[in-house]
Structures are given as structure tokens and as C-alpha cells.
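Everything numeric here is computed off the predicted structure, so don't read it as measured data.
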Protein chains: 2
Amino acid sequence: MSSKTKVYEEVLNQIRNFINENELSPGDRLPSERELSEQLNAGRSSVREGLRAMELLGLIETRRGEGTFLSSYRPHHTVELLSAFILQEPKIKKDILLAKRILEKEATKMAFSRVKNGGIEELSSVLSNGKINEKQRHSEFFIIIFQHAENHLLQKIWQLMEDFSYTIEKNSYNSQFYSQLIETINAGKYETIEGLFDYLYN
Amino acid sequence: MSSKTKVYEEVLNQIRNFINENELSPGDRLPSERELSEQLNAGRSSVREGLRAMELLGLIETRRGEGTFLSSYRPHHTVELLSAFILQEPKIKKDILLAKRILEKEATKMAFSRVKNGGIEELSSVLSNGKINEKQRHSEFFIIIFQHAENHLLQKIWQLMEDFSYTIEKNSYNSQFYSQLIETINAGKYETIEGLFDYLYN
DNA sequence: GTAGTTAAGTGGTCAGACCAATTTATTTTT
DNA sequence: AAAAATAAATTGGTCTGACCACTTAACTAC
């Protein structure tokens with residue numbers, strides 16, 4: 001039959017289809033491993049290989065005695081593992097950091113016209129929060145930005161890269177950057193955003 | 001002992017340690033599944049659960065009859081996999097198209113200073129190629145752009161979205177767009193790129 | 001009705017058995 | 001001696017069956 005594709009990969013596809021067709025959302029239960037094994041004509045061990053991979057990615061959550069559940073995606077599990085392997089590749093690091101910056105810049109521009117008054121205060125409060133460190137401040141700052149940008153896809157991709165760079169790099173950003181960015185948004189100077197990212201960021 | 005951590009997670013840690021201690025680099029071979037099983041005091045199926053997760057992440061590569069090999073990490077593996085799940089959310093089509101445009105714009109700006117003389121001709125020849133349709137022309141055009149931009153990660157993400165939008169949407173672009181973009185690059189007008197994408201694209 | 005017990009279901013793990021592909025060692029042929 | 005053909009060993013791929021640990025639900029005893 002389908003000679004090349006491994007069973008566990010096919011299992012992943014089938015599970016995805018199952019999720020799709022039954023319109024499962026985070027929190028819903030998947031069929032048990034034994035059920036899947038039977039329905040997909042695969043050994044339980046192969047099913048588990050697929051499930052374990054999904055679990056490592058944070059796509060599902062398993063509870064012994066209860067079952068396997070869809071979970072909303074959290075990259076953190078993946079990230080710590082990956083970062084340990086990824087460290088030796090300088091080119092990738094630069095790629096990620098650059099891609100991240102681009103996403104942050106464009107998200108800011110998208111958020112620009114949609115930031116309500118409350119948004120500015122939200123951003124400001126992050127900057128003045130003394131309890132969190134530099135990295136956390138950066139994350140929280142742009143999480144707010146992305147929320148206003150209203151593009152879930154970009155946010156997901158950014159989140160992935162953010163988590164990577166979080167453990168990899170000692171990101172020291174120019175401290176003026178954030179406040180100036182807020183000011184720029186508040187003052188309605190759209191054209192200034194581009195320059196801010198090019199010259200002040202990092 | 002009574003650890004809650006699952007065996008396959010411990011396997012992942014051990015393998016990582018093994019890689020570090022022996023200073024393995026991409027291409028090197030890992031011990032066989034049976035060896036690992038014995039050395040780590042774990043069942044072979046548990047070892048495989050760990051290995052399969054790593055494989056799915058693109059950290060290793062397995063060849064039947066030969067063994068398991070370290071591979072250089074390719075983030076697009078992860079992005080590809082996740083996208084299959086992420087892309088099922090509503091409103092996602094518009095998000096994809098916008099994200100794609102952003103990537104294309106930034107790639108163009110990155111490529112700007114790196115385009116050699118040959119590059120311009122390459123791009124032009126794509127436009128004058130009568131054998132391909134509009135969609136293909138768009139793809140090939142930006143593949144060249146991304147090659148000059150020299151950021152593999154961004155290119156992979158873009159490719160992914162391009163593939164999706166290819167089947168989903170009937171992207172009709174402004175025909176002037178491409179030729180004007182080439183002219184802008186050729187004339188060295190960096191600042192014009194941004195505007196081109198905002199006003200002429202689509 | 002409540003508390004305690006039991007049974008069924010589920011994930012977690014292991015051991016053993018084949019299969020399929022590849023490499024290595026051995027034998028045969030030239 | 002060199003090359004080719006063959007056999008054996010190794011390795012990943014997969015399935016089955018067996019336990020264990022834990023949770024839930026049904027049942028029983030009070």
C-alpha cells in the first residue's frame with residue numbers, strides 16, 4: 001500500500017481529520033488509544049508514537065485513566081527541548097531574530113489604527129511594571145500589540161519565535177524603544193514606526 | 001524514583017545529554033534503538049516514542065537498515081506541522097493573505113541590496129514567460145526574491161502560506177505591480193517599496 | 001441517602017516476535 | 001588476486017499481548 005509514509009504519520013493525519021470532521025475544540029476528548037488503533041488499522045504502539053509527538057508539541061494532553069484531550073496550543077513544552085538542540089546553529093538564530101522583528105514591526109503597524117485609549121494605558125503599565133524582567137516586558141508588550149493587530153496567525157508564528165529566542169538569546173533592547181513606540185502610536189505618527197524598528201530596536 | 005515524568009521524556013533528556021557529551025553534530029549517528037533501550041533501561045517502544053517525537057520536530061532522521069542520524073534543525077518542519085492545526089480557525093484566510101503580503105514585502109526589502117545584475121534579469125524573464133499562469137508567475141517571482149533575501153526561515157513560512165492561498169483563494173494581482181517592483185529595485189529606490197505593496201498589490 | 005467496594009476503561013510501559021531495508025562478512029566465480 | 005554473488009548480522013518499522021497505575025462509574029452494604 002502506501003509504502004513510504006510511516007504509520008505514525010498517517011495516524012497524525014487521521015487524527016487531524018477526525019478533529020476537523022467532528023469539529024473538536026480544546027478540551028474535547030479524543031478516542032482512546034485502543035479505539036484509534038482499531039479504527040485506523042494500526043498497532044497501538046504506532047498510534048502512541050503519533051500521540052506522543054503531538055503531546056510533545058503541546059497539541060494534546062493526556063491524563064492517565066481519563067483519556068487524551070485536545071489542548072490549546074502551548075509551544076513551551078516544545079521550545080525548551082528544541083532550544084537545547086538548536087543552540088549550535090548561528091544562522092538559524094539570526095533568521096529567527098530577524099523574522100521576529102519583522103513580525104513585531106508589522107503587527108505594530110496593523111495595531112496602529114485599532115488601538116483604543118485603553119490600549120495605550122495597557123502598554124504603558126507593562127513598561128512601568130517593576131516586577132518583571134526585560135524579557136518578560138518585551139513579551140507582554142508585544143502580546144498586547146498583537147492582540148490589537150487582530151491577526152491570529154501572525155501572532156502564533158511570532159509566539160513560536162518569541163519562545164525560541166526567549167531561551168536562546170540575551171535580548172537586550174534599547175529601553176527607549178518601547179516608550180517611543182507608545183508615543184508614536186499615541187501621536188498618530190504612522191510613518192515613524194518603520195524607522196523606529198530599523199534604528200532603535202536592539 | 002516515583003517520578004511523574006514519562007519515560008519517553010526522560011529518553012529525550014538522555015539522548016540530548018548523549019549528544020552533548022559526545023559532541024555529536026548533524027550527520028552523526030545515534031545508537032540503535034535496541035542499544036538505547038538497554039542503556040537507558042527502557043522498553044524499545046518507549047525509546048521509539050521519544051525518537052519519533054524528535055523526528056517529527058526535524059531533529060533526527062531515520063533510515064531503515066542504517067540507523068538514526070542527527071539532522072540540522074529546520075524550523076519549518078515545526079511550522080508546517082503546527083499550521084495544519086492552527087489554520088483551522090475561522091477568519092484565517094484573510095490572515096494568511098495579509099501575512100503573506102507582509103512577508104513578501106519584507107523579503108523584497110531584504111533582497112533589495114543583495115540583488116545582483118543577474119537577479120533583475122531573472123525576475124524580468126519570469127514576467128515575460130508566457131507559458132505560466134498568473135499564480136505561477138507570482139510564486140516564481142517571489143521565490144527568486146526570497147532567494148536573494150537569504151532568510152530560509154521566512155521563505156519556508158511564506159511558501160507554506162503561498163501553498164495554502166494557492167488552493168483557497170483566487171489571487172488576482174495588479175499586473176503593473178511586478179514590473180514596477182523590478183523597476184524600483186533596479187533604480188535603487190528603497191523607500192518606494194513600502195508604498196508599492198500598500199497601494200498596488202492586490 | 002451515604003460510604004465503601006468493585007469493575008471497567010484508559011494511559012504507561014515492557015517484552016517478544018516478525019518484516020523490510022541496508023550493511024557487513026563470507027563464499028563463490030572469474 | 002579481484003570481482004561478483006550470496007549469506008549473515010544489524011537496524012528501523014510494526015504488531016500483539018501482557019501487566020501496571022490511575023480514574024470513573026456502577027454497584028453494594030449500611
Geometric class of the B:Phe142/B:Trp158 ring pair [parallel <30°, tilted 30-60°, perpendicular >60°]: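 Correct class here is tilted.
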Tell me the interatomic distance from [X], atom [atom1], to [N], atom [atom2], rounded to whole angstroms.
{"X": "A:Glu33", "N": "D:dC15", "atom1": "CD", "atom2": "C1'", "answer": "15 Å"}
{"X": "B:Arg64", "N": "C:dA21", "atom1": "CZ", "atom2": "C1'", "answer": "6 Å"}
{"X": "B:Met54", "N": "D:dG12", "atom1": "CE", "atom2": "C1'", "answer": "15 Å"}
{"X": "A:Lys6", "N": "C:dA21", "atom1": "NZ", "atom2": "P", "answer": "13 Å"}
{"X": "A:Glu61", "N": "D:dC22", "atom1": "CD", "atom2": "P", "answer": "18 Å"}
{"X": "A:Leu30", "N": "C:dG9", "atom1": "CG", "atom2": "C1'", "answer": "16 Å"}
{"X": "A:Leu36", "N": "D:dC15", "atom1": "CG", "atom2": "P", "answer": "13 Å"}
{"X": "A:Glu38", "N": "D:dT14", "atom1": "CD", "atom2": "C1'", "answer": "17 Å"}

Donor-acceptor pair present, A:Arg34 side chain and C:dG11 base, under 3.5 Å: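 Looking at the base of C:dG11, it does pair with a donor or acceptor on the side chain of A:Arg34 (distance under 3.5 Å).
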Could you check whether the side chain of A:Arg44 and the base of C:dG12 have a donor-acceptor pair of N or O atoms closer than 3.5 Å, going by distance alone?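 Such a pair exists between side chain and base.
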Does [X] place a side-chain N or O at less than 4.0 Å from the phosphate oxygens OP1/OP2 of [N]?
{"X": "B:Ser46", "N": "C:dG12", "value": "no"}
{"X": "A:Arg29", "N": "C:dT10", "value": "yes"}
{"X": "A:Thr62", "N": "C:dG12", "value": "yes"}
{"X": "B:Arg48", "N": "D:dG13", "value": "yes"}
{"X": "B:Thr68", "N": "D:dT11", "value": "no"}

Could you check whether B:Glu162 and B:Ser139, counting side-chain N and O atoms only, form a donor-acceptor pair closer than 3.5 Å?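 B:Ser139 vs B:Glu162: donor-acceptor pair found between side chains.
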Taking atom types as modelled, find out whether B:Gln155 and B:Gln159 have a side-chain donor-acceptor pair closer than 3.5 angstrom.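 Checked: B:Gln155/B:Gln159 side chains show no N/O donor-acceptor pair below 3.5 Å.
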Between A:Glu66 and A:Ser37, just flag the one whose closest nucleotide in DNA chain D comes earlier from the 5' side.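 Final value for this comparison: A:Ser37.
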If you count every heavy atom of other residues, nucleotides or ligands that lies below 6.0 Å from A:Gln136 atom CD, does the total exceed 12?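 Yes - once you tally the heavy atoms of other residues, nucleotides and ligands closer than 6.0 Å, there are more than 12.
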Please work out if B:Gly43 contacts a base, only the sugar-phosphate, or nothing of the nucleic acid, heavy-atom cut-off 4.0 Å.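 Answer is sugar-phosphate: B:Gly43 comes under 4.0 Å of backbone atoms only.
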If you look at every strand shown and take non-hydrogen atoms under 4.0 Å, does A:Ser32 touch a base, only sugar-phosphate, or nothing?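 Touches sugar-phosphate only.
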From the set C:dT10, C:dG12, C:dT23, return the single nucleotide nearest to any side-chain atom of A:Glu35.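 Comparing C:dT10, C:dG12, C:dT23 against the side chain of A:Glu35, the answer is C:dT10.
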Kindly indicate whether a cation-pi arrangement holds for B:Arg101 with B:Phe197, taking the cut-offs as under 6.0 Å to the six-membered ring centre and within 45° of the axis.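 Judged by the rule, B:Arg101 and B:Phe197 form no cation-pi pair.
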